[in-house]
Number of protein chains: 2
Amino acid sequence: MRRTHWVMSAMVATLLATLSGVAEEGLWLFNRPPRELLQKRYGFSIEQAWLQRLQQASVRFNTGGSGSFVSPTGLVLTNHHVGSDQLQKLSTPERDLLSQGYYARNREQELRCPDLELNVLMRIEDVTERVQQAVRPGMKPEEANAARRKAILQIEQEAHQRTGLRCDVVTLYQGAEYHLYYYKRYTDVRLVFAPEKDIAFFGGDPDNFEYPRYCLDICLFRVYENGQPAKPPHFLRIEPRGCREGDLVFVSGHPGRTDRLNTVSHLEFLRDLQFPLALQVIFRREVILKAYSDRSLENLRRAEDELFVYQNSRKARLGILAGLQDPQILKEKLAQEEAVLTQLRQRGLTQQAEAYQQVRRQISQVMQKSRELYRDYYLFERGVAFNSELFHIARTLVRLAEESEKPNAERLREYGEAGLPSLLQQLFSPAPIYDDLETLKLSDSLSMLVEWLGAEHEMVRLALQGQSPRRRAEELVRHTRCKDVAFRKQLQAGGRKAIEQSDDPMIRLARAVDPYARQIRKQWEEQVEEPLRQAYAVISQARFAAYGSSVYPDATFTLRLSIGTVKGYTEAGQAIPWCTTLGGAFMHEETHQARPPFHLPRRWHERKDRLQQDTPFNFVCTNDIIGGNSGSPVVNRQGDLVGVIFDGNLHSLIWDIAYTDDQARAIAVHSSAIVEALDKVYDARGLLGELLQR
Amino acid sequence: MRRTHWVMSAMVATLLATLSGVAEEGLWLFNRPPRELLQKRYGFSIEQAWLQRLQQASVRFNTGGSGSFVSPTGLVLTNHHVGSDQLQKLSTPERDLLSQGYYARNREQELRCPDLELNVLMRIEDVTERVQQAVRPGMKPEEANAARRKAILQIEQEAHQRTGLRCDVVTLYQGAEYHLYYYKRYTDVRLVFAPEKDIAFFGGDPDNFEYPRYCLDICLFRVYENGQPAKPPHFLRIEPRGCREGDLVFVSGHPGRTDRLNTVSHLEFLRDLQFPLALQVIFRREVILKAYSDRSLENLRRAEDELFVYQNSRKARLGILAGLQDPQILKEKLAQEEAVLTQLRQRGLTQQAEAYQQVRRQISQVMQKSRELYRDYYLFERGVAFNSELFHIARTLVRLAEESEKPNAERLREYGEAGLPSLLQQLFSPAPIYDDLETLKLSDSLSMLVEWLGAEHEMVRLALQGQSPRRRAEELVRHTRCKDVAFRKQLQAGGRKAIEQSDDPMIRLARAVDPYARQIRKQWEEQVEEPLRQAYAVISQARFAAYGSSVYPDATFTLRLSIGTVKGYTEAGQAIPWCTTLGGAFMHEETHQARPPFHLPRRWHERKDRLQQDTPFNFVCTNDIIGGNSGSPVVNRQGDLVGVIFDGNLHSLIWDIAYTDDQARAIAVHSSAIVEALDKVYDARGLLGELLQR
């Protein structure tokens, strides 16, 4: 499970909370925790210190994942599959960290990551009023959109200048609220420990989103400041005994995106267009990368992490789409929409009921618009037509040159001053880029562009310049200098003029297609996003009015708290236990005749006898999570770490649109297994000492 | 390489022959061999006896492949990957013939195939006049189509009744000519020998369509008649010394389909719609089957052969599509079209030139129509919306009941009396059907149906009956009795009434969607196929007029002769040798660290030292082939077998639309390697004795 590049930026979200009546549902805001619910149901009262410790010990991985500080000297614990893209980038043909694992026995051996940024949420501030006041009644959508963006960029820049922190305005409840998040950024992050992929991802794609599982899906980094191990604001103690069935547990992490209270017309858009297009892309890229990977071990090393992203995304999306294609589920969703209306009417809120009805119709109309625009938006602005690191570097350079000349408040959102440090870190990443893989990916996506738009489409001609997709990709990759970080820096320093004069073919391509990409983005923002924000704000208000305010917003890849119980379930009449054991991993291997990916690392076989076989390995709990929560700490009432989330089972895939807890579960690595493995398998006593010091 | 279910039935084809000027191009008809060319270029005169022996020793595998008789007692040699679907069907969880291989040391051990039909072409008769006379000038397309079908069905039935042979009217040159093919049918076919898949398909999907190669891609069957080994009309002697570089060689086999002289507007239809849709289907099915196969060895055993079909098809189609998306190639094609016109005008054939121009425009208009119809035709008539053996059994039962009541000449083509024996053999096949795999495939294709047509489409509602694709597929597969051969026989015997009264859910589904499938087929035949036949007949005549009559028709999965030279080539400045060796296989394994699929069977390692290491293993030649030629014999001037075609290299994929011979090559197993391996690796002395007896 992992948040992927496919997750759309916080476009849509609503709230289901009180509708479902399921107590353990909820992706709660840290500035609005469910105190009452916790008190009533579990007799647990949240203390501010407890909450603050959890918040400031939680870490966001900007590549798409979560983690937590677990020592006073900057150790960060996350999933192996969250760290894997750095493992891949740190690898060479001679040293494959993904397959071999890594353990830095001292500080000198810690490996600096090429482009990892970690964020810690220091503070939240409600700026709803200021953002909403910028949009005056009667404004056209394009005016409203511009005014809102301007307000947001100003708020971010002021806050950034004042504090030096990374400052993001987060749109919540689809535009009903806007909160300003202050993050401490860490960019000097070093690899400390990773197990072999064969145990981190034991069972591979076949076992992904399955349970029972046997994965040591962990990875440890250390953050540095000024060349010294950082002292984090807070950290979590690891509880070596972990949790037991029935325990109340909390998950603190960064769920990427949910669509739980999209209106039905909006869900139909996802079902009919967005998901099918995404799956088309995923299927073909999975096949292309798999075929490439199978050709040699070196190819596998280069593409494995990316291949996993597609495999993971494919399973997740097929699961959600199965839900969207189930008429029963959409019927239930429609009933929920109607129920709000009934509530409003019963409470005599006639005017609000009418407004609610009106915006439902509006959303339906906006969805017509989004059906028209989405494919081109997806191809050009989201860039699936140009599946190439080098293209995306070129495009960033082109846009940076243009945006930098504008006043901050008029820029594209991601080029605002407050976000530039993060953007530049990515742009100047020294991570390796492989010509053969780039050519393959770019060639295939250009070919898909021809398939989708037809060979005669103006944008296709512009992109291909009279060549076949294969030949065009070969020439672009062979001749561009964007591989070279120094070249990027030089172009960036040269500003707009350098870009305009550049004859680098990738820069020229990016320049040529950018006007259309910008145009379609503008249409998308003005004709889809802004009207949706306004409509969903009304819908959210209606829900508040109908069900009170103890509700949570859909996921937005920002920090959330979820509550749950460690608990097994029943499947096809069979009891599925709350946890697996270390010994079970060896049995699982035997069942599959040790055929990869059901093959344990040699080290595990050598150390098998030393291991306490009945140590809990993975466990399930009812906590509400979604992609992006990977690596999230699971903590007990004391706020101590008892596990690390790394997956959900197949039943949980539907959580994208609705939470249920009869069979759906989050899956975590048990802290006992972490301690046992570091001790007995990896002889990582130094690391373990640091983790367990009190 | 293999002809797959995707190959469209002989819808379109034209001729390129004399245009390209490449001497070794040509899929020649056995009743019209290129005598002059052979005499002039190679000093080789074809004797009738030589030709007849080759023709009647050649065998068609109706599952999609070629082969040849290689002993007087009915032994048939083909590719492992042509025999693999029978190997899969003959396997059980306890005995996996695909992975373990098989050798019947005596007649009793030979395993009878569940549903294999082999055809041997006994005679060809030109029936063009009779077919063309049925269509009178001024007939509307629907009348012309009906009249033509009627004539064809009558010809087939008369010939069948007269001879007892299988009789197929083959449309050649797109309708410029019609030939009646008389086939001897063999339905009692037994497995004699198959090597392990690891050597038959050494290098697997990564090496497919690549060269150099090291594959023992062979399989031996024996045909029986009346319980005794059949005495074939002719057979080929195996030449143990094989061929050498520079040798003239012939390939006799059944190329499935080429599109070499489609007009450009027709190729654009393939590029824009047909290939992209096929690839969408292939990508998703490959992913779905791969994910299923990876879950356990038993799953792999069930799905492996089918997975290969998609992997193979994906590579082939991507290769062809790359050609279609190359503007240079289409430009050349257009120039060739124009050249015909110039020729006609230069010869003063003004009227014919005008007619040629007119039908080019007509084809362009028909292509508009086919763009409208194709998606639904593909989904419903070709059945990609219902990817299920059980559904196709049900549909055959439903159609059989309906068609059987009609006079022969009014039936759907494949339900004509002459074809019924073959149809019934398939229908009553006892090959195993796996519920889990059926459910997965059907569920996914129903899901794709929703994606393509939208959930509200009438046909989608009809197919899903208010359920989700997954639930619907589960119930259909669980409750249908079509798995049971006795049930099929009973329903077939009961005729139309039994079908109408059946409450079997799969029969009901097939019944429900059939009216629409028939309607769209009717439109397709009348509005696309028939107008194309008429138009391409004119085009063919124009080409005959422009370039003379020494031309060959596009491939139609009927017997063809191709001529070529054993010859290496140059790639990226490097000389690629004409053959590989047995010793090279072990080096290839080492290069890939023996990682599957680059893993040789244990037996090969054990016997390595006995093998003559420099024995030629695989070789390349310039013979013109295409999918369907897999398993074709390669013979020398004496008509003795020197190899078995099993693949083409990547450069040859473009042969679908144009033949070139600078780098494109056919790939074959060398007969020396077959002899050496049977002797030294498999101790198959009895079999070898039979093969080498003179």
Margin query: Working to the nearest 0.5 angstrom, can you tell me the gap between F283(A) CZ and Q280(B) CD?
Written below: 10.0 Å
Checklist line | chain B contacts, top residue of P597(A), A322(A), S447(A) (heavy-atom pairs, under 4.5 Å) | finding: S447(A)
Checklist line | Contacting moiety of R595(B), where chain A heavy atoms sit under 4.5 Å | finding: side chain
Checklist line | side-chain hydrogen bond (donor to acceptor under 3.5 Å, both in side chains) against Q328(A), all qualifying residues, sequence neighbours excluded | finding: none
Next item on the list: With a 4.5 angstrom heavy-atom cut-off, could you sort out which part of E286(A) is near chain B: side chain, backbone, both or neither?
Entry: side chain
Checklist line | chain B contact via R470(A) - which portion, at a heavy-atom distance below 4.5 Å | finding: side chain
Next item on the list: Mind checking side-chain contact (heavy atoms from CB on, under 4.5 Å) for H592(A) and listing every partner two or more places apart, or none if nothing turns up?
Entry: H588(A), F598(A)
Next item on the list: Pick one of side chain, backbone, both or neither for R314(A), based on which atoms fall under 4.5 Å of a heavy atom in chain B.
Entry: side chain
Next item on the list: Mind ranking E456(B), E210(B), K331(B) by heavy-atom pairs under 4.5 Å with chain A and telling me who comes out on top?
Entry: E210(B)
Next item on the list: Sequence neighbours left out, what passes side-chain contact (heavy atoms from CB on, under 4.5 Å) with L464(B)? Give chain and number order.
Entry: L446(B), V450(B), V460(B), P469(B), R472(B)
Notebook entry, point to check: Is chain B contacted by the side chain of Q311(A), its backbone, both, or neither, given a heavy-atom distance below 4.5 Å?
Noted result: neither
Check: How close do P327(A) and G466(B) get, heavy atom to heavy atom, and via which atoms?
Finding: CG-O, 3.4 Å
Margin query: Please identify, among L318(B), V287(B), D444(B), the residue contributing the most non-hydrogen atom pairs under 4.5 Å to chain A.
Written below: V287(B)
Checklist line | Atom pair CG (L330(B)) and OG (S468(A)), whose distance is rounded to the nearest 0.5 Å | finding: 11.0 Å
Next item on the list: Tell me, yes or no, whether the heavy-atom count around E590(B) atom CD, taken from other residues, nucleotides or ligands under 6.0 Å, exceeds 12.
Entry: no
Next item on the list: Tabulate, in ascending numerical order, the residues of residues 288-301 of chain A having at least one heavy atom closer than 4.5 Å to a heavy atom of chain B, or enter 'none'.
Entry: I288(A), K290(A), A291(A), S293(A), D294(A), R295(A), S296(A), L297(A), L300(A)
Next item on the list: Using the side-chain contact (heavy atoms from CB on, under 4.5 Å) rule, take L321(B) and E451(A) through it: C-alpha gap first, then chi angles, then the decisive distance, then the call.
Entry: CA-CA 10 Å; L321(B) 188 59; E451(A) 291 175 31; 3.2 Å; yes
